[in-house]
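Okay, structure first, notes after.
Chain letters run A, B, ... following the sequence lines, proteins first, then strands; residues in each count from 1.
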Protein chains: 2
Amino acid sequence: MVQYQAADLDASFAALADATRRGVLEQLGRAEASITELAETFRITLTGMKKHVVVLERAGLVTTEKIGRVRTCRLGPRDLEEEAAWIEHRRQLWNARFDALDDVVRDLKRKETANGPKKR
Amino acid sequence: MVQYQAADLDASFAALADATRRGVLEQLGRAEASITELAETFRITLTGMKKHVVVLERAGLVTTEKIGRVRTCRLGPRDLEEEAAWIEHRRQLWNARFDALDDVVRDLKRKETANGPKKR
DNA sequence: CTGATACTGAACCATATGGTTCAGTATGCT
DNA sequence: AGCATACTGAACCATATGGTTCAGTATCAG
């Protein structure tokens with residue numbers, strides 16, 4: 001069984017809980033980019049974007065490398081496998097529960113039909 | 001193509017970014033529970049647990065129903081499908097990128113071998 | 001009616017978040 | 001050298017978060 005690391009999940013779900021940071025991940029999915037480029041895309045200050053990048057780095061979703069004046073940002077090293085696994089596991093329990101509920105509802109409807117439709 | 005609703009993703013990723021709330025979802029995956037029961041499991045006050053439940057409700061991950069004095073909490077109506085889809089989509093781009101990187105590395109190694117191993 | 005139970009809401013607290021501005025430092029260009 | 005570029009760090013701000021306590025309200029049990 002997979003063991004989820006609470007702190008890791010905290011950090012990456014928190015990182016994903018912001019539209020700007022999700023946008024950064026999308027942009028980096030297409031091509032690497034500098035802090036300046038990312039800041040321009042999202043119309044915020046360099047300093048503001050730097051902070052987002054730090055959050056993404058701490059979550060392990062982005063790596064950066066400074067060459068000369070420019071810090072280049074890329075995806076990785078984590079690939080959200082753990083988060084995907086957590087969500088999928090939950091979804092399975094979820095759906096099992098909803099299926100069970102469906103059965104109950106179906107059962108009720110069947111009985112209701114057998115007793116004739118209820119008056120309004 | 002799926003359209004992701006930024007506000008929905010914000011709310012549910014934020015809801016998932018806390019170990020206590022993830023624990024609540026797990027517990028509710030096994031059986032419905034009252035606020036009191038949840039608060040006891042996680043050793044926090046009733047008021048504190050109420051707030052977590054409100055967050056999960058706003059994210060659509062939990063529904064509650066108050067009968068008499070007791071508010072019963074259950075999973076639903078959302079089942080994290082959108083979140084799973086977002087993560088999976090990202091993972092695909094991710095992995096495509098890493099595969100491409102692998103190719104480059106493999107290519108470099110091949111050339112290196114062809115030119116004889118580099119001195120340390 | 002009385003007391004216990006289960007929650008609710010307001011107020012407060014410390015810390016985090018998402019943003020800014022301003023003042024650097026380090027690097028590249030001419 | 002001298003200027004522009006790219007980032008960095010400190011300080012500040014408003015709001016949100018995760019928790020608490022305290023003072024209710026509503027319901028159930030006897």
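A distance of 13.0 Å separates OG1 in Thr20(B) from CZ in Arg43(B), rounded to the nearest 0.5 Å. A distance of 4.5 Å separates CG of Asp10(A) from CZ of Arg22(B), quoted to the nearest 0.5 Å. A distance of 11.0 Å separates OG of Ser34(A) from CZ of Arg69(A), quoted to the nearest 0.5 Å.
Of the residues near DNA chain C, Thr72(B) and Thr20(A), the one whose nearest nucleotide (by heavy atom distance) lies more toward the 5' end is Thr72(B).
The two residues His52(B) and Asp18(B) have their closest heavy-atom pair at CE1-OD1, 3.7 Å. Looking at every heavy atom in both residues, Ala59(A) comes nearest to Ala11(A) through CB-O, 3.7 Å.
Here Arg74(A) pairs with Glu32(A), Thr63(A), Glu65(A), Thr72(A) under the side-chain contact (heavy atoms from CB on, under 4.5 Å) rule; sequence neighbours left out. The salt bridge (charged side-chain N to carboxylate O under 4.0 Å, His left out) check on Arg21(B) picks up nothing, with sequence neighbours excluded. A search for side chain to side chain donor-acceptor pair (under 3.5 Å) contacts involving Thr41(B) returns Gln27(B), not counting sequence neighbours.
Contact check for Leu28(A) versus Leu61(A): no side-chain heavy atoms found under the 4.5 Å cut-off. In this structure, Leu75(A) and Leu25(A) have side chains that are in contact, with non-hydrogen atoms separated by less than 4.5 Å. Using a 4.5 Å heavy-atom cutoff, the side chains of Ile35(A) and Thr64(A) are not in contact.
Taking atom CE of residue Met49(B) and atom C1' of nucleotide dT20(D), one finds them 14 Å apart after rounding to whole Å. A straight line from NE2 of His52(B) to P of dG19(D) spans 4 Å, rounded to a whole angstrom. The interatomic distance linking Lys66(A) (NZ) with dT5(D) (C1') rounds to 11 Å, in whole Å. Spacing between atom CG of Leu56(B) and atom C1' of dG18(D) amounts to 13 Å, rounded to whole angstrom units. In this entry the distance linking CZ of Phe13(A) with P of dT17(D) reads 17 Å, nearest Å. To the nearest angstrom, C1' of dT17(D) lies 13 Å from CG of Asp10(A). The interatomic distance linking Glu57(B) (CD) with dT8(C) (P) rounds to 9 Å, in whole Å. As rounded to whole Å, 4 Å separates atom P of dT8(C) from atom NZ of Lys50(B).
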Write out a two-atom table: protein N or O, nucleotide N or O from nucleotides 22-29 of chain D, distance below 3.5 Å.
none

Which protein N or O atoms sit under 3.5 Å from an N or O of nucleotides 13-15 of chain C?
none

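At a cut-off of 3.5 angstrom, the base of dG19(D) holds at least one donor-acceptor pair with the side chain of Lys51(B).
Taking side-chain N and O atoms only, Arg71(B) has a distance below 4.0 Å to OP1 or OP2 of dT8(C).
For residues 39-46 of chain A, proximity to DNA chain C is found at Ile44(A), Thr45(A), defined as any non-hydrogen atom under 4.0 angstrom from a strand atom.
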